[in-house]
Participant: 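Sharing a structure below in structure tokens format, with a few things to ask.
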Amino acid sequence: MSGYKADDEYDYLFKLVLIGDSGVGKSNLLSRFTKNEFNLESKSTIGVEFATKTLNIHAKIIKAQIWDTAGQERYRAITSAYYRGAVGALLVYDVTRSSTFETAGRWLKELRDHTDPNIVVMLIGNKSDLRHLVSVSTEDGKAFAEKESLYFMETSALEATNVENAFTEVLTQIYHIVSKRSV
Ligand code: GDP
């Protein structure tokens, strides 16, 4: 077996969770990042799902296991198992629907109630391609992120803008924390 590198070899496995109101684009951010796919139809599947992607960060092989609520947030039925072991989170709102931004505080509280204080959290204003419909300004997103010590980015899963950047930034920050801890 020498010289053979298994598909599943990695240096670190990081669990990330996607949170935020229904319809903000969580599933599409995940499929854009892991499969470079986008779906116009909102899927109705119920049940937690995850996808994985392996990438290189600072010469380490990082496997990201990214969990999607897959519709359960509609019933506020996300269980503690969803959050368990998460080291990073993307808290997503829709820049065209301010109600999804107003609930960000509640999502953050639920996340923090269930996870380690060191968790890396990025606030994501998704659907930035719908410029004429924007109802949450970049400044408001930034201000909330600063107040809560979150990273912040605006993305478009549709146009593939900043999606890779957002996930990679979260994973890189997690790597910095974890690699410091182990020296
Ligand atoms: P989820 O419920 O948070 O997982 O949201 P989905 O990923 O199912 O997306 C909800 C709807 O928003 C779908 O109709 C998507 O096609 C649409 N959508 C998701 N991301 C974007 C985006 O970046 N731009 C636009 N214009 N539509 C998006």
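Everything numeric in this text was worked out from a predicted model, so none of it was measured. Counting convention: from 1, in listed order, for ligands and their atoms alike.
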Participant: Suppose we screen for salt bridge (charged side-chain N to carboxylate O under 4.0 Å, His left out). Which residues come up paired with Arg112, at least two apart in sequence or across chains?
Facilitator: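 Arg112: salt bridge (charged side-chain N to carboxylate O under 4.0 Å, His left out) contacts with Glu148.
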Participant: Side chain or backbone, does Leu130 bring an N or O within less than 3.5 Å of an N or O on ligand 1?
Facilitator: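 No, since none of the N or O atoms of Leu130 sits under 3.5 Å from an N or O of ligand 1.
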Participant: What are the atoms of ligand 1, with element, lying closer than 4.0 Å to any heavy atom of Asn39?
Facilitator: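 Those qualifying, in numeric order: 15 (C), 16 (O).
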Participant: Compute the shortest N/O to N/O distance between Ser128 and ligand 1 and return yes if it is under 3.5 Å, no if not.
Facilitator: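 N/O-N/O distance under 3.5 Å: no.
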Participant: If we only count N/O pairs under 3.5 Å, is Asp68 in contact with ligand 1?
Facilitator: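 In fact, backbone or side chain, Asp68 has no N or O that close.
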Participant: Which value, rounded to the nearest 0.5 Å, describes the distance between Leu150 atom CG and Leu123 atom CG?
Facilitator: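 Nearest 0.5 Å value for the CG-CG distance: 6.0 Å.
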Participant: Does a donor on one side chain and an acceptor on the other come within less than 3.5 Å for Ser27 and Asp68?
Facilitator: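 Distance-only check passes for Ser27 and Asp68.
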Participant: Report yes if some N/O of Ala157 lies less than 3.5 Å from some N/O of ligand 1; otherwise report no.
Facilitator: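 In this structure, Ala157 places an N or O atom under 3.5 Å from an N or O of ligand 1.
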Participant: Answer with yes or no whether the hydrophobic clustering places Ile177 together with Ile66; edges join I, L, V, M, F, W, Y residues whose side-chain heavy atoms lie under 4.5 Å apart.
Facilitator: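 Yes; tracing contacts between hydrophobic side chains, which count when under 4.5 Å, links both residues.
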Participant: Hey, looking at atom 17 (C) of ligand 1, which of Lys127, Glu154, Arg32 has the closest heavy atom?
Facilitator: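 It is Lys127 that holds the nearest heavy atom.
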Participant: State, without any angle test, whether Tyr151 and Gln173 hold a side-chain donor-acceptor pair at a distance under 3.5 Å.
Facilitator: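 The answer is yes; a qualifying pair exists.
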Participant: Run the numbers for me: atoms of ligand 1, each under 4.0 Å from some heavy atom of Gly25, listed by number.
Facilitator: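 This gives 1 (P), 3 (O), 5 (O), 6 (P), 7 (O), 9 (O), 19 (C), 20 (N) as the contact atoms.
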Participant: Using a plain distance cutoff, I'd like to know if Thr155 has any nitrogen or oxygen under 3.5 Å from a nitrogen or oxygen of ligand 1.
Facilitator: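 It does not: no N or O of Thr155 is found under 3.5 Å from an N or O of ligand 1.
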Participant: Of all residues at least two apart in sequence or in a different chain, which pass the ring-ring contact (aromatic ring centres under 6.0 Å, His included) check with Phe14?
Facilitator: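 Result, ring-ring contact (aromatic ring centres under 6.0 Å, His included) vs Phe14: Tyr12.
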Participant: In ligand 1, which numbered atoms sit nearer than 4.0 Å to a non-hydrogen atom of Asp129?
Facilitator: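 The list of qualifying atoms is 22 (C), 23 (O), 24 (N), 25 (C), 26 (N).
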Participant: Heavy atoms only, cut-off 4.0 Å: how does Val24 contact ligand 1, side chain, backbone, both, or neither?
Facilitator: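 Both parts.
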Participant: Report the residue from Asn126, Asn162, Thr161 that forms a side chain to side chain donor-acceptor pair (under 3.5 Å) with Thr155.
Facilitator: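 When side chain to side chain donor-acceptor pair (under 3.5 Å) is applied between Thr155 and each of Asn126, Asn162, Thr161, only Asn126 qualifies.
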